[in-house]
Engineer: 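My structure is below; once you've seen it, I'll send some questions.
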Amino acid sequence: MPENIPKTNPEFNSGEYSYLALGDSYTVGEGEVPEFTYPMQAGRMLKNEGIHFSEIKIIAKTGWTSGELLAELKAKNLKTGSFDFVSLLIGVNNQYRGLALDQFRDELKELITISLDLLNENSNRLVLISIPDWGVTPFGHSSPQEKADISREIDAFNQVVKQQAADFNIPYLEITESYRSIGGFADHVVGDGLHPNRHIYAQWASSLTRIIKQAIHQ
């Protein structure tokens, strides 16, 4: 697909939109069928309500930190106003690798600034998604990192995400607490015992669609 996608103006094109999902393994849907990632499920849910996306583009890779996502996004050099909606879920690999919160904060600010440029500064159409707590999963239980430490550090990273959402006046989608309750169930993970499956992604997609619909109607 072309990387420089012209902005879709919903006022003139019968309600078709373009959506860019930025992230890491949670966005690419590691271990799950692509059609059941949360961006693709959100697109189908919205289509069922008469809201159509002509483009759903995912820039994400398993293992990416905020810095690696930022480098990739800069390299693509997408045009201003290329998308109607952007979601951003990043940071778990910063925590996993023990990277500094200050570094994450600076890189997240840059990611937000670039994302807003892609949206023509339409801040209500950028959604920051909180980082899931991987410590609740079977993989997390077998990790040398203590579950309590993982949870505490994830909370610290999510506080940065939430604060940046407030500072930039953009929507914040909190998925972490509910994930802590259900993310570790055997029927909610893929074969690696770490990543969510389609059932978890369906919940995230449902929450995301509510924010998108609210933005459309504003």
Side-chain angles (χ1 to χ4, degrees), residues 20-32 37-39 58-76 86-116 126-168 170-186 188-197 200-201 203-204:
L20 172 65
L22 301 173
D24 48 40
S25 58
Y26 292 123
T27 298
V28 81
E30 178 68 27
E32 185 52 275
T37 62
Y38 72 82
I58 295 175
I59 299 178
K61 187 175 180 179
T62 297
W64 268 357
T65 63
S66 54
E68 289 162 336
L69 173 60
L70 180 61
E72 180 70 13
L73 197 54
K74 286 180 176 179
K76 289 190 177 297
V86 177
S87 66
L88 174 58
L89 169 50
I90 197 71
V92 70
N93 294 297
N94 293 66
Q95 181 277 325
Y96 183 75
R97 298 190 201 176
L99 302 182
L101 271 177
D102 287 344
Q103 175 185 348
F104 175 65
R105 182 181 294 106
D106 291 343
E107 291 167 349
L108 184 61
K109 286 180 180 179
E110 279 198 77
L111 286 166
I112 291 171
T113 299
I114 293 173
S115 297
L116 288 172
L126 170 60
V127 182
L128 292 192
I129 305 175
S130 71
I131 304 165
D133 185 346
W134 60 275
V136 305
T137 66
F139 179 91
H141 288 302
S142 64
S143 169
Q145 296 187 34
E146 293 291 335
K147 182 179 177 182
D149 291 338
I150 297 169
S151 181
R152 175 178 50 78
E153 291 169 8
I154 291 290
D155 284 344
F157 276 87
N158 276 332
Q159 186 55 44
V160 171
V161 179
K162 186 175 183 179
Q163 185 61 56
Q164 291 305 306
D167 290 348
F168 282 90
I170 54 183
Y172 174 70
L173 174 52
E174 204 290 313
I175 60 173
T176 309
E177 289 309 314
S178 62
Y179 187 75
R180 281 174 170 151
S181 300
I182 62 175
F185 294 162
H188 285 165
V189 294
V190 295
D192 63 9
L194 170 61
H195 291 96
N197 66 13
I200 295 292
Y201 290 141
Q203 294 187 16
W204 299 359

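Index from 1, following the sequence. If you're wondering where the values come from, they're calculated on a predicted model, not measured in any experiment.
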Engineer: Please find the pair of heavy atoms, one from G183 and one from T137, that lie closest to each other, and give the distance.
Structural biologist: O-CG2, 3.9 Å

Engineer: Which heavy atom of P39 sits nearest to which heavy atom of A21, and what is that distance?
Structural biologist: CG-CB, 3.6 Å

Engineer: Would L116 and F168 count as a side-chain contact (heavy atoms from CB on, under 4.5 Å) here? Give the steps.
Structural biologist: CA-CA 10 Å; L116 288 172; F168 282 90; 3.8 Å; yes

Engineer: Tell me which one of V136, D133, V92 satisfies side chain to side chain contact (heavy atoms under 4.5 Å, CB included) with I150.
Structural biologist: D133

Engineer: Could you measure the distance from the CG atom of L173 to the CG atom of L88? Nearest 0.5 Å is fine.
Structural biologist: 11.5 Å

Engineer: Is it the case that atom OH in Y96 sees more than 12 heavy atoms from other parts of the structure closer than 6.0 Å?
Structural biologist: no

Engineer: Using 0.5 Å steps for rounding, measure from the CD1 atom of I131 to the CD1 atom of I129.
Structural biologist: 11.0 Å

Engineer: Is a side-chain N or O of H188 found less than 3.5 angstrom from the main chain of I182, in a donor-acceptor match?
Structural biologist: yes

Engineer: Who passes salt bridge (charged side-chain N to carboxylate O under 4.0 Å, His left out) against E174, sequence neighbours left out?
Structural biologist: none

Engineer: Using side-chain heavy atoms (C-beta onward) and a distance below 4.5 Å, is R105 in contact with D102?
Structural biologist: yes

Engineer: For the residue pair W134 and F139, does the interplanar ring angle fall in the parallel (under 30°), tilted (30 to 60°) or perpendicular (over 60°) class?
Structural biologist: tilted

Engineer: Taking side chain as C-beta onward, heavy atoms only, is N158 less than 4.5 Å from Y172?
Structural biologist: yes

Engineer: Would you say the side-chain atoms of T37 pair up with the backbone N or O of V28, donor to acceptor, closer than 3.5 Å?
Structural biologist: no

Engineer: If only atom types and distance count, is the side chain of S151 paired as donor or acceptor with the main-chain N or O of K147 below 3.5 Å?
Structural biologist: no

Engineer: Would you indicate whether the side-chain heavy atoms of I90 and L22 approach each other to under 4.5 Å?
Structural biologist: no

Engineer: So, using salt bridge (charged side-chain N to carboxylate O under 4.0 Å, His left out) as the criterion, who are the partners of D192 when residues are at least two apart?
Structural biologist: none

Engineer: Who pairs with E107 by salt bridge (charged side-chain N to carboxylate O under 4.0 Å, His left out), at least two apart in sequence or on another chain?
Structural biologist: none

Engineer: Heavy atoms, side chains only, cut-off 4.5 Å: are I112 and L128 in contact?
Structural biologist: yes

Engineer: Can you name the residues that form a ring-ring contact (aromatic ring centres under 6.0 Å, His included) with F104, not counting sequence neighbours?
Structural biologist: F157

Engineer: Which heavy atom of P138 sits nearest a heavy atom of G184, and at what distance?
Structural biologist: CD-O, 3.9 Å

Engineer: Any idea how Y38 and Y201 line up, ring-wise: parallel (<30°), tilted (30 to 60°), or perpendicular (>60°)?
Structural biologist: tilted

Engineer: Please enumerate all residues that pass salt bridge (charged side-chain N to carboxylate O under 4.0 Å, His left out) together with D106, with sequence neighbours excluded.
Structural biologist: none

Engineer: Listing request: all salt bridge (charged side-chain N to carboxylate O under 4.0 Å, His left out) pairs with a residue in residues 154-168, at least two apart in sequence or in separate chains.
Structural biologist: D155-R180

Engineer: For a quick check under 3.5 Å, do S66 and N94 share a side-chain donor-acceptor pair by atom type?
Structural biologist: yes

Engineer: So how far is it from L69 CG to I59 CD1, rounded to the nearest 0.5 Å?
Structural biologist: 7.5 Å

Engineer: Quick check: do R97 and T65 have side-chain heavy atoms less than 4.5 Å from each other?
Structural biologist: yes

Engineer: Just verifying a value: how many Å separate I200 CD1 and H195 NE2, rounded to the nearest 0.5 Å?
Structural biologist: 13.0 Å

Engineer: Quick one, Y179 and S130 - any side-chain contact, counting heavy atoms below 4.5 Å?
Structural biologist: no

Engineer: Does some side-chain heavy atom of L70 sit less than 4.5 Å from a side-chain heavy atom of I114?
Structural biologist: yes

Engineer: Take atom CD of Q145 as the centre, draw a 6.0 Å sphere, and report whether it contains more than 12 heavy atoms from other residues, nucleotides or ligands.
Structural biologist: yes

Engineer: Please tell me whether W64 and E72 have a donor and an acceptor in their side chains that are separated by less than 3.5 angstrom.
Structural biologist: no

Engineer: Taking the side chain as everything from C-beta on, heavy atoms only, tell me whether S87 gets closer than 4.5 Å to T27.
Structural biologist: no

